[in-house]
Amino acid sequence: MLSSGTDVLQFIPQRPPIVMVDTLYSCHEKGSNTGLTIEADNVFCDNGVFSEAGIIENIAQTAAMHVGYLCKQNNIPVPIGFIGAVKNLEVFSLPKAGNQISTTIAIENEVFGVTVISGKVLCNNELVATAEMKIVIKT
């Protein structure tokens, strides 16, 4: 584990209550793995169930944490990024409050400030969702 709790805030531009990652397990040039314990009061939780929007935001913040961690390692300011597109989103189940999800992203391509990632989300070692995203980094 590389970081957890409020320490992860140094790697992402988001702030509570919109923080959808709470642990950085691994980070390397081509990808990252994060975790999130879903609390009942999470803004993306409705009636104890984590929503599709929360899953999308979690994947995007895993990508943000990837960039932020690598920037911090090189003493570069953490940039702001935006979801440019979501493609091939498949949600197989929605995690419940109290569960922890694990999200892995892989960098597929980077060109002109746009990063294409693939992401997958697991809960209790079962696949919850997959998606591809284009992330635009503000310069």
Side-chain angles (χ1 to χ4, degrees):
M1 176 174 39
L2 301 175
S3 184
S4 66
T6 57
D7 287 344
V8 301
L9 296 177
Q10 66 183 311
F11 306 122
I12 59 174
Q14 293 83 3
R15 292 294 173 258
I18 309 296
V19 174
M20 295 299 123
V21 289
D22 60 18
T23 306
L24 177 60
Y25 292 112
S26 66
C27 183
H28 51 86
E29 286 298 319
K30 289 296 182 181
S32 290
N33 177 250
T34 65
L36 172 68
T37 300
I38 302 167
E39 303 293 339
D41 63 352
N42 185 297
V43 296
F44 290 110
C45 233
D46 187 30
N47 293 320
V49 178
F50 196 54
S51 70
E52 292 91 343
I55 290 170
I56 292 169
E57 186 62 24
N58 169 261
I59 294 170
Q61 287 188 29
T62 298
M65 179 133 358
H66 174 264
V67 171
Y69 183 81
L70 294 177
C71 284
K72 283 286 191 181
Q73 297 295 17
N74 293 299
N75 294 316
I76 299 169
V78 175
I80 295 175
F82 303 94
I83 300 171
V86 177
K87 183 177 170 185
N88 298 327
L89 173 66
E90 291 187 82
V91 178
F92 306 105
S93 65
L94 295 174
K96 294 182 175 32
N99 285 327
Q100 183 176 43
I101 57 176
S102 173
T103 304
T104 302
I105 60 111
I107 307 299
E108 302 296 337
N109 199 357
E110 294 178 272
V111 63
F112 302 119
V114 176
T115 303
V116 178
I117 62 127
S118 60
K120 69 177 182 177
V121 182
L122 301 173
C123 182
N124 297 322
N125 293 317
E126 292 186 22
L127 188 61
V128 169
T130 60
E132 296 171 32
M133 287 185 188
K134 289 182 182 175
I135 308 291
V136 180
I137 303 295
K138 184 179 177 183
T139 53

Enter the distance from [X]:[atom1] to [Y]:[atom2] here, rounded to the nearest 0.5 Å.
X: T115; Y: I137; atom1: OG1; atom2: CD1; result: 5.0 Å
X: R15; Y: T6; atom1: CZ; atom2: OG1; result: 10.0 Å
X: L122; Y: T103; atom1: CG; atom2: OG1; result: 8.0 Å
X: N124; Y: I101; atom1: CG; atom2: CD1; result: 11.0 Å
X: C27; Y: K72; atom1: SG; atom2: NZ; result: 14.0 Å
X: L24; Y: D7; atom1: CG; atom2: CG; result: 11.0 Å

Requested in this report: Look at atom CD of Q73 and say whether more than 12 heavy atoms of other residues, nucleotides or ligands are closer to it than 6.0 Å.
Outcome: yes
Report summary line: Given the options E110, K134, M133, V116 meets side-chain contact (heavy atoms from CB on, under 4.5 Å) only with K134
Test item: [X] and [Y] side chains (from C-beta on) under 4.5 Å apart, heavy atoms:
X: N58; Y: V21; value: yes
X: S102; Y: N33; value: yes
X: I55; Y: L94; value: yes
X: S32; Y: Y69; value: no
X: N99; Y: F50; value: no
X: H66; Y: I107; value: yes

Exercise: identify the closest heavy-atom pair between [X] and [Y]:
X: N74; Y: L70; result: ND2-O, 3.0 Å
X: E39; Y: A97; result: C-CB, 4.2 Å
X: I80; Y: P13; result: CG1-CB, 4.1 Å
X: P79; Y: V67; result: CG-CG1, 3.6 Å
X: V128; Y: P95; result: CG1-CD, 3.8 Å

Verify same cluster id: [X], [Y] (apolar side-chain graph, 4.5 Å):
X: I105; Y: V86; answer: yes
X: I18; Y: I135; answer: yes
X: I117; Y: L36; answer: yes
X: I59; Y: M20; answer: yes
X: L89; Y: I83; answer: yes

Query raised in the report: Got a sec, which pairs hit side chain to side chain donor-acceptor pair (under 3.5 Å) with one end in residues 42-57, sequence neighbours left out?
Result: E57-Q61
Query - Qualifying side chain to side chain donor-acceptor pair (under 3.5 Å) pairs, either residue in residues 81-94, two or more places apart - result: N88-E132
